[in-house]
Amino acid sequence: MPQVCWSATLRGEYWIDVNLGGRPLKVLIDSGLIDARGQVGFSVDETLYDSIDQAGGFQQHQIHTRLTADGHVSLTESGSLDAQLICPQTRSLVGPLVHVHVFRGVPGVPSRAGLAFFHLLKNCKVLWDLDQRLWCIEYP
């Protein structure tokens, strides 16, 4: 199976390339970004969320409960759209196209990809090589 890989930054972060509703974007992998319904795959910058919303890019708007890092519960909106990985070398779309919900993020927090996105990548395999500091996804 072919694969795409991303290297960790000096800070140990993994940023992947994703086409989110027709917009190429770099997002931080955040294994702590989860939601009880298993629907929310991304949290994006408020400005980006608002521009997608104003352009009519979202479907199925919902209100979600979010537990913040400091233990507070807050409400946030989400909308669903299509997402697909982008090969960092060729810039081509790879792997399955998935339909996932996107949170409206909070100020100062980068756009992130959560577990629900990766769970929707059917017939794919995530390979995390800690020695080489690589995050790879094999896809059909």
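As the structure is a computational prediction, the values presented were derived from the model and not from experiment. Positions are given from 1 along the sequence.
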Checklist entry - Given Trp135 and Trp6, is the ring pair (Phe, Tyr, Trp, His ring centres under 6.0 Å) satisfied, shown in steps? => result CA-CA 5 Å; Trp135 174 277; Trp6 293 268; 8.2 Å; no
Checklist entry - Would Phe42 and Phe117 count as a ring pair (Phe, Tyr, Trp, His ring centres under 6.0 Å) if you check the C-alpha gap in whole Å, the side-chain angles of each, and the deciding distance to 0.1 Å? => result CA-CA 7 Å; Phe42 295 93; Phe117 171 65; 4.9 Å; yes
Next on the checklist: I'd like to know whether Ile63 forms a side chain to side chain contact (heavy atoms under 4.5 Å, CB included) with Thr76, so could you lay out the CA-CA distance, the side-chain angles of the two residues, the decisive distance to 0.1 Å, and finally the verdict.
Outcome noted: CA-CA 6 Å; Ile63 299 297; Thr76 188; over 6 Å; no
Item to check | Audit row: Tyr49, Phe58, ring pair (Phe, Tyr, Trp, His ring centres under 6.0 Å) steps and yes/no | outcome: CA-CA 9 Å; Tyr49 186 95; Phe58 287 123; 4.6 Å; yes
Item to check | Glu138 vs Val4, side chain to side chain contact (heavy atoms under 4.5 Å, CB included): CA-CA, chis, key distance, verdict | outcome: CA-CA 7 Å; Glu138 288 184 352; Val4 290; over 6 Å; no
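In terms of heavy atoms, Ser51 sits closest to Leu48 at OG-O, 2.9 Å. Listed here is the closest heavy atom pair of Gly95 and Tyr139: N-CD1, 3.5 Å. Among all heavy-atom pairs drawn from Leu93 and Ile86, the shortest one is CD2-CG1, 3.8 Å.
Put simply, Val100 and Val18 are part of the same group of oily side chains (I, L, V, M, F, W, Y) that touch within less than 4.5 Å, one to the next. Cluster annotation: Leu115 and Leu81 are assigned to distinct hydrophobic clusters (Ile/Leu/Val/Met/Phe/Trp/Tyr, side-chain heavy-atom contacts under 4.5 Å, transitive). Under the 4.5 Å side-chain heavy-atom criterion for grouping Ile, Leu, Val, Met, Phe, Trp and Tyr, Trp15 is not connected to Leu85 through any hydrophobic cluster. Under the 4.5 Å side-chain heavy-atom criterion for Ile, Leu, Val, Met, Phe, Trp and Tyr, Ile16 and Leu130 are members of the same hydrophobic cluster. In this structure, Val126 is not a member of the same hydrophobic cluster as Leu134, with clusters built from ILVMFWY side-chain heavy atoms closer than 4.5 Å.
When side chains are defined from C-beta on, Arg112 does not count as touching Ile29, because their heavy atoms never get closer than 4.5 Å. Proximity of Val106 to Glu46: side-chain heavy atoms (C-beta onward) are nowhere separated by under 4.5 Å. Side-chain atoms of Leu121 and Ile137, non-hydrogen and from C-beta on, do get closer than 4.5 Å to each other. Counting heavy atoms from C-beta on, the side chains of Met1 and Asn123 never come closer than 4.5 Å. Side-chain contact between Phe118 and Cys124: absent, with no pair of heavy atoms (C-beta onward) separated by less than 4.5 Å. Looking at heavy atoms from C-beta onward, Gln59 lies in side-chain contact with His99 at the 4.5 angstrom threshold. Side-chain contact between Arg133 and Tyr14 is present, with heavy atoms from C-beta onward closer than 4.5 Å. Using a 4.5 Å heavy-atom cutoff, the side chains of His101 and Gln62 are in contact.
Annotation: the span from Cys5 atom SG to Asp129 atom CG amounts to 8.5 Å, rounded to 0.5 Å. Here the OG-CG distance, from Ser78 to Asp53, works out to 10.5 Å after rounding to the nearest 0.5 Å.
Annotation: side chain to side chain contact (heavy atoms under 4.5 Å, CB included) contacts of Leu97 (sequence neighbours excluded): Asp82, Gln84.
Between the side chain of Ser43 and the backbone N or O of Ser111 there is no donor-acceptor pair closer than 3.5 Å. Between the side chain of Arg11 and the backbone N or O of Thr9, no donor-acceptor pair lies under 3.5 Å.
Summarising the local packing, NZ of Lys26 is surrounded by more than 12 heavy atoms from other residues, nucleotides or ligands at distances under 6.0 Å.
Salt bridge Asp50/Arg104: present, at least one basic N to carboxylate O contact under 4.0 Å.
Under the side chain to side chain contact (heavy atoms under 4.5 Å, CB included) test applied with Val102, the options Leu20, Val40, Ile52 reduce to a single match, Leu20.
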